[in-house]
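Notes follow the structure.
In what follows, every heavy atom counts, from backbone to side chain, and hydrogens, waters and symmetry copies are set aside.
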Amino acid sequence: MVKVCTWHSRSQLSLGAQAISSPPTATYSNPTTMNSYRQSHSVTGADVKLSPSENYVAPTPTKRRRTGCGAPNQATKRRKGKLSKLPDMPLDILYEIFSLLHPQDLLKISWTTKAFRRVLTNISSRTVWMNSLASVEGLPSRPDGMNEVEYANFLFNTLCQCCYKPRAPIAWAIYSRICKDCQHIEGTWTVNPWSLMPNSFHAIRPFSKKLDELLPTYTTSLRPRSRRRLTWNRSLYLKADVEAFFGRLHADALSDNDIATILEKDAQLVRKRNEFAAAGQAWEALGEAERAIKRERLKSLRYKRVIEKLKEEGWAEELGRHPSIYASLEYMTGVRVAKPLTAKAWEELKPSVLPWMNNVRKGFISRRVGELTRIIESSQLHLGPTSDFSLSKDDICWVPGIREIITGGSNEEFKELKAGLAGRLPRLTDEVKAVRSAALLSLLPYENPPAEELSLATTWFKCEHGSCQALQPKGALGHSCFKRASSDASESDRYYMDSVGPPWSVSQGVSFHKEAAGFARQLILSDGGDPETMTHEKMDGFGFVRDHNDAVIETFDSMVQALVSDGSGETQFWMTLTPDEVSGLISLLGQHEFPS
């Protein structure tokens, strides 16, 4: 006789019992926990007696326990969370907990394991679903033909019932969720129910009501691709409902009174469904409004947290001084979203927010500098050159007081600066020229040189950042290569440099040109002049090489620049030349015949 393992009765099974029960003689105690009867009873060879006349049922093999040394593999070990003891709780406690949950939470719990699904879909759990549905404010009454579990799944399971796409809209009158793609499935829907009417059906039978009042419909909006601004509504009918409707009216034995009775029942059913649809749409609109308010609240809180994080990064003063120029931060991707700003979220958002802040600041400074530049250029064009030194917009913007207003002044302070800038240009020019002249004077290889040394023809400077020609003092005052960013510049200055340019730095960009000074001295001596008194003003335009028409070919400045440069750098042999040798070099430069 073969001993076949059998299931126990439903009353003896626990919530998690999926294993084979013990022999019928066994009894169970405390059948109220989830894991009471998880241990299965395998059938051994001694329990099996084979008989040729009986069918043999193979016993279910048991899972063998792994044997081996060491701890179990951490990758395959099941992680235990805070709810790991939930399956071991008694049923009455579980029911009490489940009654306090939202229907959507109950659905998700029923999707976790088969044991929970079997419990929550049992008839004994109906009270749990009723209490859970009753806790939802404004929920329409459950329609006939649906139990509590089906109703909760219809309301809170957002998957399309055809293709299982998420966030499918609800078709309230037909009790289903259908996505837009499935609304065009051929064979399921129809927009012309009369096309499904049987050919043998007599159309002259009295229809006292419209077809929309006799069949449940789903109204959807349609927007054609050719006219995206135009939309219109269309009614969809389930083909199954249409075929069933015509099937009820197709019987030949039906009288007109019978047809009228059928139509009246169908009309009452459709009215109930339409009332349910109206209540459902109102509840859905209320829920969407509440969710929109919640999303806006979360967005506002996240935006405030982003501002707080930026202040911690050193932008507090900037945000407080110019809040309007950073107002568009909330429209940046990832800033104003309906999610809390965690530490991980901020680390992911910071690499994009901080460069955006820098670019906004640079743009703000550039706009202010551009406005001042137009004022400076207009004033200089109107007044004309007043001296051999004029300020550029870079120079003026680095003047102390003006730079602070550009980078951190209020709108009122900046407007006041623009209004008085044109009148301040002459005084600013003299001030900046005096500061730079003093800086150049400190580079001369003399102890406490007087200011008159800058006017001597033997005073020359060179650029340290390129192959520029030798520079007179008036050329060195405004030479652009002298502008270099200092290594210890603040972040505010760095943003400012991107818009204006680095400050004028004598110590980093210019030095005394001793080679040019030596050649200038030799040229002056060769012409019989005194290097200690000869000035640049006297030597300007002095022609050392002329053609046969007495036209100047080589001036003093060009001669010095030609002598100190060999095409790639300065020559170093000037100290070995005597005045006679310089004169010979001058005559060598002038041997070329020039046309008249």
Exercise for review: Verify whether the ring centers belonging to H322 and W315 lie closer than 6.0 Å.
Suggested key: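 Ring centres of W315 and H322 not closer than 6.0 Å.
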Considering non-hydrogen atoms only, spot the tightest contact between [X] and [Y] and give its length.
X    : Y    : answer
W356 : S328 : CZ2-OG, 3.3 Å
Y303 : A327 : OH-O, 4.2 Å
E284 : R291 : O-NH2, 4.1 Å
G334 : L349 : O-CD2, 3.6 Å
G409 : R321 : N-CD, 4.3 Å
L341 : K309 : CD2-CG, 4.2 Å

Please say whether more than 12 non-hydrogen atoms of neighbouring residues, nucleotides or ligands are located less than 6.0 Å from [atom1] in [X].
X    : atom1 : answer
E137 : CD    : no
E317 : CD    : no
E308 : CD    : yes

Would you say the side chain of [Y] lies within less than 4.5 Å of the side chain of [X], judging by non-hydrogen atoms?
X    : Y    : result
I402 : R424 : yes
K350 : E313 : yes
Y326 : L310 : no
E515 : W460 : no
V399 : L428 : yes
V306 : W346 : yes
K311 : I307 : yes
L525 : M534 : no

Give, for atom [atom1] of [X] and atom [atom2] of [Y], the distance between the pair rounded to the nearest 0.5 Å.
X    : Y    : atom1 : atom2 : answer
L425 : D430 : CG    : CG    : 11.0 Å
I325 : L319 : CD1   : CG    : 8.5 Å
L236 : Y218 : CG    : OH    : 7.5 Å
C397 : I376 : SG    : CD1   : 5.5 Å
E532 : R521 : CD    : CZ    : 5.0 Å
T373 : I396 : OG1   : CD1   : 8.5 Å

Exercise for review: Carefully, step by step, assess E296 and I293 under the rule side-chain contact (heavy atoms from CB on, under 4.5 Å).
Suggested key: CA-CA 5 Å; E296 288 299 322; I293 295 174; 5.8 Å; no
Short N-O contact, [X] and [Y], less than 4.0 angstrom:
X    : Y    : answer
R302 : E330 : no
K294 : E290 : no
E288 : R295 : yes

Give every donor-acceptor pair under 3.5 Å between a side-chain atom in residues 155-165 and any protein atom, sequence neighbours left out.
from: N157; atom 1: OD1; to: L159; atom 2: N; distance (Å): 3.4
from: N157; atom 1: ND2; to: N153; atom 2: OD1; distance (Å): 3.1
from: K165; atom 1: NZ; to: D181; atom 2: OD2; distance (Å): 2.4

Is a donor on one side and an acceptor on the other found under 3.5 Å between the side chain of [X] and the backbone of [Y]?
X    : Y    : answer
S378 : I375 : no
R177 : A168 : yes
E404 : G401 : yes
S442 : A439 : yes

Check your understanding: Can you check side-chain contact (heavy atoms from CB on, under 4.5 Å) on S352 and T333, steps first, answer last?
Key -> CA-CA 9 Å; S352 59; T333 303; over 6 Å; no
Exercise for review: Report the residues that fulfil ring-ring contact (aromatic ring centres under 6.0 Å, His included) with F154, sequence neighbours left out, ordered by chain and then residue number.
Suggested key: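 Once residues adjacent in sequence are excluded, the partners of F154 under the ring-ring contact (aromatic ring centres under 6.0 Å, His included) criterion are W172.
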Exercise for review: Report the C-alpha distance between R368 and N411 in whole Å, list the side-chain angles of each, state the deciding distance to 0.1 Å, and finish with yes or no for side-chain contact (heavy atoms from CB on, under 4.5 Å).
Suggested key: CA-CA 10 Å; R368 286 193 166 185; N411 294 332; 3.2 Å; yes
Exercise for review: Take I406 and F364, measure what side-chain contact (heavy atoms from CB on, under 4.5 Å) needs, and give me the verdict at the end.
Suggested key: CA-CA 9 Å; I406 295 176; F364 167 72; over 6 Å; no
Check your understanding: How would you list all residue pairs meeting side-chain hydrogen bond (donor to acceptor under 3.5 Å, both in side chains) that involve residues 445-459, not counting sequence neighbours?
Key -> none
